Structure formats: C-alpha cells, structure tokens
There are 2 protein chains.
Amino acid sequence: MTTTKDKRAVSARPLPLNQILAGDCIEIMNSLPEGSVDLIFADPPYNLQLKGDLHRPDNSKVDAVDDHWDQFSNFAVYDKFTRDWLAAARRLLKPNGAIWVIGSYHNIFRVGAELQNQGYWIMNDVIWRKSNPMPNFRGKRLTNAHETMIWASKSEDSKYTFNYEALKSLNEGVQMRSDWVIPICNGGERLKDAQGDKAHPTQKPEALLHRVLVGTTNPGDVVLDPFFGTGTTGAVAKMLGRDFIGIEREEAYREVAEKRLSRIRKFDSEAIATIKPKRAEPRVPFGQVIERGMLRPGEELYSIGNRHKAKVRADGSLIGNDVKGSIHQVGAALEGAPSCNGWTYWHYRREGKMIPIDILRQQIRAEMEVDETRPH
Amino acid sequence: MTTTKDKRAVSARPLPLNQILAGDCIEIMNSLPEGSVDLIFADPPYNLQLKGDLHRPDNSKVDAVDDHWDQFSNFAVYDKFTRDWLAAARRLLKPNGAIWVIGSYHNIFRVGAELQNQGYWIMNDVIWRKSNPMPNFRGKRLTNAHETMIWASKSEDSKYTFNYEALKSLNEGVQMRSDWVIPICNGGERLKDAQGDKAHPTQKPEALLHRVLVGTTNPGDVVLDPFFGTGTTGAVAKMLGRDFIGIEREEAYREVAEKRLSRIRKFDSEAIATIKPKRAEPRVPFGQVIERGMLRPGEELYSIGNRHKAKVRADGSLIGNDVKGSIHQVGAALEGAPSCNGWTYWHYRREGKMIPIDILRQQIRAEMEVDETRPH
DNA sequence: CTCGGCTCTGAATCGCTAC
DNA sequence: GGTAGCGATTCAGAGCCGA
C-alpha cells in the first residue's frame with residue numbers, strides 16, 4: 001500500500017542504507033531526513049528492575065540481563081527516554097510508515113500509552129508465545145512465556161502496508177492471528193563471542209523478524225532499527241531484499257552485527273515462500289475439562305471395570321481412597337500399577353451410561369483443530 | 001499466603017457480601033471499608049475511539065477539527081476515569097490483596113501504566129488466547145485473537161496469594177504459563193435476554209475466572225468485581241466457595257446476574273480443596289531424626305552423587321571435611337553453593353541402598369498427623 | 001550409525017519464619 | 001524491625017558423550 005506520495009517525501013539527501021550507525025539513537029534519528037523510512041522495528045531496553053541473584057533448583061546461577069543499558073532510576077526517567085525516541089522515530093517515518101515495538105510487562109504499557117499519546121495508531125498488539133521459555137524457578141509466579149509487540153502506523157490516516165495474503169500463506173492458508181508461536185533464539189542461530197558466551201543477552205529470533213517484515217513491508221522498503229544489537233532486523237531485511245538502517249551505541253554489538261551481516265545472502269523469492277512456521281502442539285491438560293465445565297468439581301469418576309471411584313477437584317486433581325493427584329497418578333495408585341493412562345481409565349456417568357473422559361479431550365482437540373485449519 | 005495481619009484489617013463495619021450493589025463503582029468503592037478485600041477482578045470498559053460514550057464527566061465540547069487534539073482529549077478523559085477507579089480499588093484492597101484487570105490494546109496500555117504509577121506491583125501479564133476468535137473480515141489486520149490481563153498486587157511488599165501447586169495441577173503437572181488457551185463464551189453458557197439476543201456484549205467465560213480464582217484466592221476470600229456485568233466473577237466465586245461483591249450500574253445487567261447467581265450451587269468442600277505446597281507442612285528439625293533413633297550419632301551420610309560424606313552428631317549437626325553445621329549448611333559448603341536443601345541432598349545407607357533422609361522426615365510428619373487427629 | 005542419558009541455558013521485577 | 005537459617009524450586013531444546 002506504499003504510495004507515490006511516500007516516495008516523493010524522501011529527501012534529496014541520501015539515506016545511509018544498509019549500514020550500522022554508531023551512537024545514540026535519538027541524536028542519530030534526528031539527524032536523518034524527515035519522512036524517509038517505511039518501517040521501524042524497535043527493541044528498546046525493558047527496564048527489568050532486577051534485584052538479587054536468581055538460582056535454578058540445581059543451584060546454577062541464572063545469567064540475568066544486568067547490563068548498564070537496561071538501568072533506569074525510575075519510571076519518570078524511562079518515560080522521558082521513551083517519549084524522546086518515539087518522537088524521533090515518528091518524525092523519520094513516511095506518512096504511510098509504521099512501527100513495531102517489542103517489550104514485556106515491565107515496559108510495554110508505558111510504551112503503548114506513549115505511542116497513543118503521540119498520535120501513532122495501533123493496528124494490533126501481537127503476542128510472541130515462546131515455545132521454550134525459561135521457567136519460574138521459585139514457583140512464585142506464572143512462567144513468563146511471552147513478550148508483547150505493538151504494531152502501529154504513523155497516524156490514523158496512514159495507508160499502512162499489510163500483506164494479508166503473504167501472511168495467510170505463511171500460516172498454511174489460514175488468516176494470521178495476533179499470537180505467534182516461535183521458539184526463543186538459541187542453538188546455531190544464537191551468536192557467541194570469542195569466549196563462547198552469548199554475544200548479546202536478548203537476541204531476537206529471525207523467525208520473528210521474518211514474519212514482521214514479510215507481513216508489513218515490501219521489497220525495497222527502508223527498515224530502521226534504532227536498537228540494532230546484533231542485527232537480527234538487518235539480517236532478515238537483507239535476506240528479504242529490504243534495505244535497512246541500524247543504529248547501535250555499543251561497539252561490541254556493532255562488531256558482531258557487521259560480521260553477521262557480511263555472511264547473509266539475499267533469498268531468491270522461491271525460498272522465501274517455502275518457509276513454514278512451527279505450530280503449537282495440542283496438548284490438553286485434564287484441568288481444562290474442569291475449567292470448561294465439562295465435568296464439575298465434586299463429580300465422581302469410575303474406573304474401567306467399575307472397581308474404583310474418585311472425585312474430581314477444582315484444580316483438576318482427583319481424590320479417591322485417600323490418594324490425591326492427577327488422573328494418571330490416582331489411577332496408577334489404585335491399580336497398584338507403575339503407570340496409568342487416566343484418559344482411558346476413568347469414566348463419567350451420563351444418563352446411566354459410563355463414558356470415558358477421553359471423549360471430552362477429543363471434543364477440546366476438535367475445537368482447537370477447527371480453529372487452526374478452518375479457512376475464514 | 002494471606003496472613004492474619006490481613007484478617008485483622010477487616011473493619012467492624014460489615015461488608016455487603018454476595019450481593020450486587022447498584023450504582024457508580026467509584027462512589028460505591030469509596031463507601032466501603034478500607035483494606036477489606038482480598039482480590040479484585042475488573043473488566044473495565046475498553047472504550048476509546050469508539051463513538052459510543054463512556055463515563056464522560058464532561059468537558060466542553062470542542063469542534064473536532066484537529067484529530068490529534070481530539071484524540072488527546074479522549075485519552076485524558078479515559079485516563080482520569082482509570083486513575084479514579086484504580087485508586088478506589090487500591091484503597092479497598094487488604095495489604096496483601098491483588099487485582100486482575102482485563103483489556104485489549106485499546107485500553108490495556110493505559111491501565112497498565114496507571115497501575116504502575118499508583119504503586120501496584122505487576123506479577124504477570126497474562127494472555128487469554130481465544131481458541132475461536134472472530135476473524136478480521138476485511139483482511140486489513142491480524143485476527144485479534146487474544147486479550148490481555150494484568151495481575152498485580154497492592155504493593156511491592158504484598159505477600160500475594162499464589163496457589164502454585166493448584167495451577168500446576170490444572171495444567172497436568174507442568175508449571176502454568178502466562179498464555180492461557182480458553183474458548184470465548186458462547187453456547188449454553190452465553191446468557192440471552194428475553195428476545196434471545198446476547199444479554200451482554202462482552203460476557204467472559206467462566207473458565208477464565210475459574211483459573212484466576214483457583215490460582216490467586218483461597219476459599220473464604222472476598223472477591224470484588226467493580227464492573228460486574230452479567231456476574232461471571234460472582235458465579236465462579238460462589239461455585240468455588242469464595243465470597244463476592246459485585247458493583248453494576250446497569251439495571252438490565254444486574255437483573256440477569258441476579259437470576260444467574262440464584263441458580264449457582266457451591267461445589268462440595270472436598271472438591272474445592274486443592275493440592276497444597278510442601279511449604280504448608282509442619283517443619284521438622286533434623287535433630288528429631290536423631291532423638292528418635294532413626295539415625296545414630298556417628299552414622300555417615302552421603303551426598304547426591306556420592307561425592308561427599310559427613311558424620312551425624314548427637315546434637316543434629318553434621319561434620320564433614322572440617323565443615324560443621326546443619327544438614328543444609330554443610331551441604332551448601334561442600335557444594336560451594338549459596339544454599340542447599342539438606343533433606344534431599346543427604347542419603348543414608350541401608351542394606352547397600354542409598355536412601356534420602358527426607359524419607360525420615362516424611363515418617364515423622366505422618367506420625368504427627370496421626371497425633372493431631374487422635375482425641376487428646 | 002542411532003539412541004539414551006547427562007549437561008547446560010534462556011529479557012526474571014522468583015522467600016518465609018522464628019528469634 | 002532486622003537478621004539468621006531453614007529449605008523449596010524448573011521446562012524445552014540443543015549439544016555432547018558413550019554404548
């Protein structure tokens with residue numbers, strides 16, 4: 001949807017394309033020509049506010065994000081920083097340009113509110129659901145298994161770029177949703193320094209940027225990343241035939257990114273089309289049967305052969321003959337067996353008939369299947 | 001984790017429990033006794049940018065010439081509303097109380113920022129991932145397939161309630177994540193009015209509230225919902241043996257909710273009880289193991305992996321490799337770890353087998369239970 | 001070669017209680 | 001109220017090693 005109007009808005013002064021600029025992103029953005037960029041992808045500091053050390057149950061220490069660039073003395077300081085870089089970014093965008101910002105609950109609400117205050121127009125918030133997040137080691141909170149991205153255009157009137165069909169195709173023919181299941185960046189993709197340690201604490205997976213750039217830019221567009229880090233945005237932009245501008249303050253990150261980019265080759269278009277996303281697996285915990293009201297807490301289940309019974313509890317556990325635990329554990333205990341498939345072992349009664357609870361799981365799975373495959 | 005301190009904070013003035021109060025939620029909350037509520041679940045108007053009116057305590061109307069200005073003025077009104085109801089809610093919470101707020105990208109960033117500004121402390125943002133969302137018919141954006149909930153305690157110091165084991169149990173033994181897959185409310189659960197139309201535009205599924213209440217309240221807790229609507233919060237609270245207070249301005253919704261609640265029955269107490277954490281079990285000093293002759297002074301203990309050993313002393317301390325102290329201290333010292341659970345770390349030998357000393361603690365605990373139940 | 005077991009690690013606002 | 005000490009707590013995936 002990029003228009004000729006946007007193209008004319010480009011200043012006569014040449015843009016420093018496909019380079020990494022060294023320095024403070026606000027100053028550098030303010031030095032670049034107004035209205036010259038199609039898309040901004042920004043991964044600003046999250047302002048994590050970590051306190052002491054954290055250890056895993058095996059006593060190993062978690063290598064936390066304690067870098068100086070993530071330290072802000074209070075919300076006011078962080079808010080000013082956010083206000084300034086978002087304003088500089090907005091000035092740089094073409095009238096039909098758009099921005100993506102990624103963050104966690106520590107900062108994303110402040111970023112989102114400021115985006116709205118400045119007149120950006122939010123199209124979607126998008127959830128990156130991590131298939132392999134770090135667990136909560138102390139059992140004090142829910143596993144923090146996602147990050148939030150906000151996708152917004154420069155203004156309400158912007159004719160933003162949205163490649164609906166491309167995303168649908170990436171999603172096996174089904175309309176792309178606002179929650180994306182993508183693994184965290186590790187293995188061979190994760191960049192290491194000379195000592196073999198991770199080169200950057202928060203390197204983003206290329207799969208994430210792939211989806212962002214395929215969905216909301218066109219070949220030849222200019223993509224700017226003001227917090228370039230190790231250059232995932234630049235790498236994916238280069239593969240996909242987009243131009244990038246990176247800004248990064250830390251020399252160590254710039255060096256890693258330069259080296260990375262030098263090895264990247266642009267895909268041919270066929271290769272791009274064949275990349276498929278990883279899909280979520282339909283594991284169904286028994287608790288969902290309770291939450292959805294398919295069985296009520298207090299209801300009784302009966303074993304195969306009707307020799308044992310147990311009562312369902314609100315947390316999805318069973319209690320029967322003084323044994324408490326999962327449907328599998330209680331089944332195994334009552335049978336004196338080392339293991340038991342609770343789904344086929346337990347039955348509930350409806351109109352005098354005994355029905356295996358696995359039927360309920362199948363119903364839930366069917367709903368999930370319909371949802372994942374039905375063309376809208 | 002609710003403490004007696006919270007219980008004492010309850011005012012002498014009786015709370016209007018298990019009722020729906022009619023009127024403006026801010027006024028009503030301000031009329032209730034301070035520090036009297038364990039949990040608040042709030043589903044405030046998402047509003048914004050939609051033409052329909054929200055509370056507009058009104059500003060003089062400016063001719064909408066400048067979009068940006070107009071937008072700001074709308075946000076300002078919404079922000080004031082948010083500030084006021086969140087402040088009233090915070091006053092009502094016990095020191096260890098907590099709040100859940102649900103919203104979409106239209107309002108959640110403003111709500112989240114204001115929560116932080118007021119001193120609430122965010123534990124998680126939780127994604128309700130809808131398994132059956134409404135598709136985006138025009139193909140101009142991603143399918144908006146989720147809503148965002150924020151879970152926050154009254155302050156950073158709050159000892160908030162988190163039933164880790166119950167949620168883990170609901171998820172079949174795996175730690176609960178911050179993304180919850182739950183279908184939208186439809187079918188038989190969706191309340192209809194006399195004409196057969198949906199009674200409320202945004203009725204939340206009971207499954208969502210089930211998980212919230214099982215995870216972050218205890219039986220007997222007071223749960224307040226300032227935007228009660230058709231009363232999903234009250235319905236699930238009643239089923240789970242929690243007390244509720246509902247506030248709702250619209251008479252039509254109150255009527256539907258009253259009728260709904262009158263049909264709800266509480267689950268039996270045994271079903272409501274959930275798996276308890278080990279922390280809740282009585283503490284057993286290691287010295288008791290010696291006193292009871294389960295281990296003899298001079299006997300040797302062996303570490304996990306058999307790399308270290310230590311000798312038991314008569315006072316219940318260990319000595320190994322010149323280190324003396326508790327089972328925990330010696331374990332930590334020998335491993336060079338910051339801490340160590342001596343109960344699971346140390347093993348004793350019986351008939352050639354290595355047995356963790358935790359077995360002995362479990363025996364003592366079992367005896368204590370018998371003691372407690374026997375008439376004195 | 002495969003397979004199984006062991007190790008390592010990832011944007012983390014990650015105690016409680018008794019003295 | 002401050003502090004010392006007990007003792008609870010993890011999931012997925014990649015890589016490596018030995019059988």
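All values reported here derive from a predicted model rather than from experimental measurement. Chain letters run A, B, ... following the sequence lines, proteins first and then strands; every chain starts at 1. Just so you know, these numbers use all the heavy atoms, side chains as well, and skip hydrogens, waters and symmetry mates.
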Within the structure, does a side-chain N or O atom of A:R190 lie under 4.0 Å from either OP1 or OP2 of C:dC8?
no
Would you say B:R361 reaches D:dA8's phosphate, i.e. side-chain N/O to OP1/OP2 under 4.0 Å?
yes
Whether the side chain of A:D43 and the base of C:dA11 hold a donor-acceptor pair under 3.5 Å is what I'd like checked.
yes
When you measure from the side-chain N and O atoms of A:N136 to the phosphate of C:dA12, is any distance below 4.0 Å, counting only OP1 and OP2?
no
Rounded P spacing from C:dC14 to D:dA12 in Å
23 Å
Parallel, tilted or perpendicular: ring planes of A:F227 versus A:W85, cut at 30 and 60 degrees
perpendicular
Does C:dT13 have B:W121 stacked on its base, where the ring centres are within less than 5.5 Å and the planes differ by under 30°?
yes
Is A:R249 positioned over the aromatic face of A:W69, cation under 6.0 angstrom from the ring centre and no more than 45 degrees off axis?
no
Presence of B:R283 side-chain N/O under 4.0 Å of D:dG7 phosphate oxygens OP1/OP2:
yes
So A:T202, base contact, sugar-phosphate only, or nothing? Heavy-atom distance under 4.0 Å.
base
With heavy atoms under 4.0 Å as the rule, sort B:P285 into base, sugar-phosphate or nothing.
nothing
Counter-base of C:dT13, judged by Watson-Crick or G-U geometry with both distances under 3.5 Å
none
Whether A:Y78 and A:F72 hold their rings parallel, tilted or perpendicular, with breakpoints at 30° and 60°
perpendicular
Any idea how A:H200 and A:Y253 line up, ring-wise: parallel (<30°), tilted (30 to 60°), or perpendicular (>60°)?
tilted
So, is A:K140 close to the C:dT13 phosphate, meaning a side-chain N or O under 4.0 Å from OP1 or OP2?
no
Between B:H328 and D:dG7, is there a contact of a side-chain N or O with OP1 or OP2 at under 4.0 Å?
yes
Against the side chain of B:Y164, the closest entry in D:dT10, C:dA11, D:dA8 is D:dT10
Rounded to whole angstroms, how far apart are CD on B:E335 and P on D:dG7?
18 Å
Provide the closest heavy-atom pair for A:D67 versus A:P201 in the form atom of the first, atom of the second, distance.
OD1-CG, 3.5 Å
For A:F228, does the six-membered ring have the charged nitrogen or CZ of A:R254 within the cation-pi criterion, i.e. under 6.0 angstrom from the centroid and within 45° of the normal?
no
For C:dT2, the nucleotide meeting Watson-Crick or G-U wobble distances (both under 3.5 Å) is D:dA19
Mind checking B:R279 for me? I need base, sugar-phosphate or nothing, with any heavy atom below 4.0 Å counting as a touch.
sugar-phosphate
Measuring to OP1 and OP2 of D:dC11, would you say a side-chain N or O of A:N132 lies under 4.0 angstrom away?
no
Mind calculating the distance between CD1 (A:I108) and C1' (C:dA11) to the nearest angstrom?
12 Å
Donor-acceptor pair under 3.5 Å, A:K130 side chain vs D:dA12 base
no
Any B:Y345 side-chain N or O less than 4.0 Å from OP1/OP2 of D:dA8
no
When all nucleic acid strands are considered with a 4.0 Å heavy-atom cut-off, which category describes B:I327: base, sugar-phosphate, or nothing?
nothing
Pairing partner of D:dA8 (Watson-Crick or G-U wobble, both distances under 3.5 Å):
none
Please figure out whether A:M134 or A:N186 has its closest DNA chain D nucleotide nearer the 5' end.
A:M134
Here's one to test your reading of the geometry: is the NZ or CZ of A:R129 within 45 degrees of the ring axis of A:W180 and under 6.0 Å from its centre?
no
Scan A:C185 against the nucleic acid and name what it touches under 4.0 Å (heavy atoms): base, sugar-phosphate only, or nothing.
nothing
Within 45° of the six-membered ring axis of B:Y120 and under 6.0 Å from that ring's centre, is NZ or CZ of B:R90 located there?
yes
Separation of the P atoms in C:dA11 and D:dA8, to the nearest angstrom
30 Å
Could you give the CD-to-P distance, from B:E281 to D:dG7, as a whole number of Å?
12 Å
Please verify the inter-ring angle class for B:W151 with B:Y160; under 30° counts as parallel, over 60° as perpendicular, anything in between as tilted.
perpendicular
Under 4.0 Å between any heavy atoms, over every strand shown, what does B:E165 touch: base, sugar-phosphate, or nothing? Just pick one.
sugar-phosphate
Using a cut-off of 4.0 Å on non-hydrogen atoms, how would the nucleic acid contact of A:P44 be classed: base, sugar-phosphate, or nothing?
base
Taking donor-acceptor contacts at under 3.5 Å, does the side chain of B:T344 reach the base of D:dA8?
no
Students often get this wrong, so: under 4.0 angstrom with heavy atoms, is B:E156 touching a base, only sugar-phosphate, or nothing?
nothing
Contact list please: residues 50-73 of chain A against DNA chain D, heavy atoms, distance less than 4.0 Å, in numerical order.
A:P57
With a 4.0 Å limit, can you tell me whether B:S326 has a side-chain N or O closer than that to the phosphate oxygens OP1/OP2 of D:dC6?
yes
